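Only one structure is covered here, and it is reproduced in the block below.
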Amino acid sequence: MSPSVVPSLPRRVARILRTSLFAQVACALVLGIVVGKLWPGFASDLQPLGDGFTRLIKTIISPLVFCVVVVGIAKAGDLKAFGRIGLKALIWFEVASTLALIIGLLAANIVQPGSGMHVDPATLNTAAVDAKTGGGHLPSTTQFIVEALPTSFIGAFAENSLLQVLILACLVGAALLHLGHTKVPQVLPAIEQAQEIIFSIVGFVMRLAPIAVFGAMAVLIGQYGLGVIETYAKLIILCYAAAAFFIALLAVALKMVTGLSLWKFLRYIREEMLLALGTASTESVMPRVMQKLRKAGARDDAVGLVLPTGYSFNLDGASLYLSIGTLFIAQAVGVDLSLSQQITVVLVLMLTSKGMAGIPGSAFLALSATASSLGAIPAGAVALLLGVDRIMDSMRVVTNLLGNCVAVFAVSRWEGALDTERAKKVLDREIVPTDEDDDESRGEPDASKTPKAPAVSAADDKDDQLAAVPAQAKEPAPEVS
């Protein structure tokens, strides 16, 4: 074919589908919706496709976080700076999640999504809530802190407890700084090599992403259908509108703190965002998002600490949903919450939302705990949200993921751990990050700023090598003292 001949449309489409993960996941998403709508019985059998992918990703997360944090601390060479990053991250998380709770309460008070429903709590099936939560419970604040401390080095990885792995990584990184590279010269290179192996595994597993999205979306539509959207239309629209408003505030905050555009960043991680939407899980994209944040100029220690911690402490989307859901339930059963009771809702959710990550049915546990603390809402009334909870996953996933990514950029900029110029170039597509850019993103010398030898052909290179022999021979031998 002549180079000037434009490929036909089918060939261009085939090439895009073959090379673009975004296109593959988008097609799988649409196909999953179609299969779930037309063959709901068959769709329910596709659950293992999404679950299997999520299990593979979860096996990678703990060792990846450990490697990134250890390498980040060791290369930064300053444990105090790492502590400041952690403290600033916690401050950011608390402010952001509290703001999300307040926005949710204001939105629910203005729109009144549950008014006029006049639901009798006695008619609700509370057993379905127990089945959803698996008989679990949210840990108390003291229990949450104690359980964050590891009891076994191997056990932290086996249980996939991110906070425990983070603590272990901080201890190992601190030990490496204390001992110095001369006493343990092989440990840090070994951890760096393990990190590269894990990122390669991530690349292999991500090839299965379209299959996972297809299975997860087919199961969702097959089980819940599209009719639930009509029943809870007011609540769904309110939650998504509140999330959009919160994301707009995140965009303003990111622009003010770092000068970066959230919309350009969203384009940068569009593949990961679509995958998270399809699988209804932010964990499924955590390794890839970590990699992209590093390539966009955020330092290893900031990415390794802020992002995993945010998965436990910065559930902005869940906070929005919980505050709106609490008032929706109260309005549906005819309970008028006073201002003091609504302040109590915020205070209770500030605590319960921090222990939600990784617990089945955690949203219902948090809602039940909030209802019990108020004493005015029947705990069984949380069953009202059973039908709509799964539809809210997309809102929670997008808001949680963007909230954590903005936190990484903001805290990194706050601590001086962000290469802002590189971040702007990456988001503006002036730089297309590759695997070879990892060294640069980890704070090592910028290869693009050092002089490069001109590109030569193989034949020219051979001639240059032969010509260089006499020149090298003419150089005087170094003096020996």
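The structure displayed is predicted, hence computed values, not measured ones.
- In this structure, CG in Leu293 is found 5.0 Å from CZ in Phe409, a value given to the nearest 0.5 Å.
- Residues Met392 and Leu235 form a side-chain contact, since some pair of their non-hydrogen atoms from C-beta on lies under 4.5 Å apart.
- Sorted by first then second residue, the ring-ring contact (aromatic ring centres under 6.0 Å, His included) pairs that include residues 158-180, not counting sequence neighbours, number zero.
- Test Leu166, Ile167, Leu163, Val165 against Pro150 for side-chain contact (heavy atoms from CB on, under 4.5 Å) and you get one pass: Ile167.
- For the atom pair Leu274 CG and Ile269 CD1, the distance stands at 11.5 Å (nearest 0.5 Å).
- Here the side chains of Ile60 and Leu56 are not in contact, with every heavy-atom distance at 4.5 Å or above.
- Proximity of Gln164 to Phe153: side-chain heavy atoms (C-beta onward) are nowhere separated by under 4.5 Å.
- Salt-bridge formation is detected for the pair Arg288/Glu271: a Lys NZ or Arg NE/NH1/NH2 atom is positioned less than 4.0 Å from an Asp or Glu carboxylate oxygen.
- Contact check for Ile73 versus Leu176: no side-chain heavy atoms found under the 4.5 Å cut-off.
- To the nearest 0.5 Å, atom CZ of residue Arg84 and atom NZ of residue Lys80 are 9.0 Å apart.
- Side-chain contact between Ile191 and Val187: present, with at least one pair of heavy atoms (C-beta onward) separated by less than 4.5 Å.
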Inset, instruction - Would you please test Met290 and Val65 for side chain to side chain contact (heavy atoms under 4.5 Å, CB included) and show each step? - result: CA-CA 9 Å; Met290 288 182 70; Val65 169; 4.2 Å; yes
Legend entry - Audit row: Ser62, Asn160, side-chain hydrogen bond (donor to acceptor under 3.5 Å, both in side chains) steps and yes/no: CA-CA 6 Å; Ser62 291; Asn160 222 13; 2.4 Å; yes
Side-chain donor-acceptor contacts of residues 242-265 below 3.5 Å, not counting sequence neighbours, with atom names and distances?
residue	atom	partner	partner atom	Å
Lys255	NZ	Gly259	O	3.4
Thr258	OG1	Leu254	O	2.7
Thr258	OG1	Leu260	N	3.2
Ser261	OG	Trp263	N	3.4
Ser261	OG	Lys264	N	3.3
Lys264	NZ	Asp428	OD1	2.6

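- Under the 4.5 Å side-chain criterion, counting only non-hydrogen atoms from C-beta, Arg429 is not in contact with Tyr268.
- Residue Glu430 places its CD atom among more than 12 non-hydrogen atoms of other residues, nucleotides or ligands, all under 6.0 Å distant.
- The minimum heavy-atom distance between Ala417 and Ala302, with the atom names listed, is CB-CB, 4.3 Å.
- The shortest non-hydrogen separation linking Ala108 to Pro113 is O-CD, 3.6 Å.
- Partner of Ser284 under the side-chain contact (heavy atoms from CB on, under 4.5 Å) criterion, out of Leu275, Val213, Val397: Leu275 alone.
- No side-chain heavy atom of Gln195 sits less than 4.5 Å from a side-chain heavy atom of Val70.
- At distances below 3.5 Å, not a single donor-acceptor pair connects side-chain atoms of Arg55 with backbone N or O atoms of Gly52.
- Rounding to the nearest 0.5 angstrom, the gap separating the CZ atom in Arg422 from the CG atom in Leu427 is 10.5 Å.
- Proximity of Asp301 to Leu305: side-chain heavy atoms (C-beta onward) are nowhere separated by under 4.5 Å.
- With rounding to the nearest 0.5 Å, the separation of NZ in Lys88 from OG in Ser412 is 10.5 Å.
- In summary, of the residues considered (Leu105, Leu101, Leu322), a side-chain contact (heavy atoms from CB on, under 4.5 Å) with Val345 occurs for Leu105 alone.
- Between the CE atom in Met286 and the CG atom in Leu401 there is a gap of 10.5 Å [rounded to 0.5 Å].
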Inset, instruction - Take Val111 and Lys234 through the side chain to side chain contact (heavy atoms under 4.5 Å, CB included) test and state the conclusion after the steps. - result: CA-CA 9 Å; Val111 178; Lys234 194 174 181 180; 3.8 Å; yes
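- At distances below 3.5 Å, not a single donor-acceptor pair connects side-chain atoms of Asn404 with backbone N or O atoms of Leu307.
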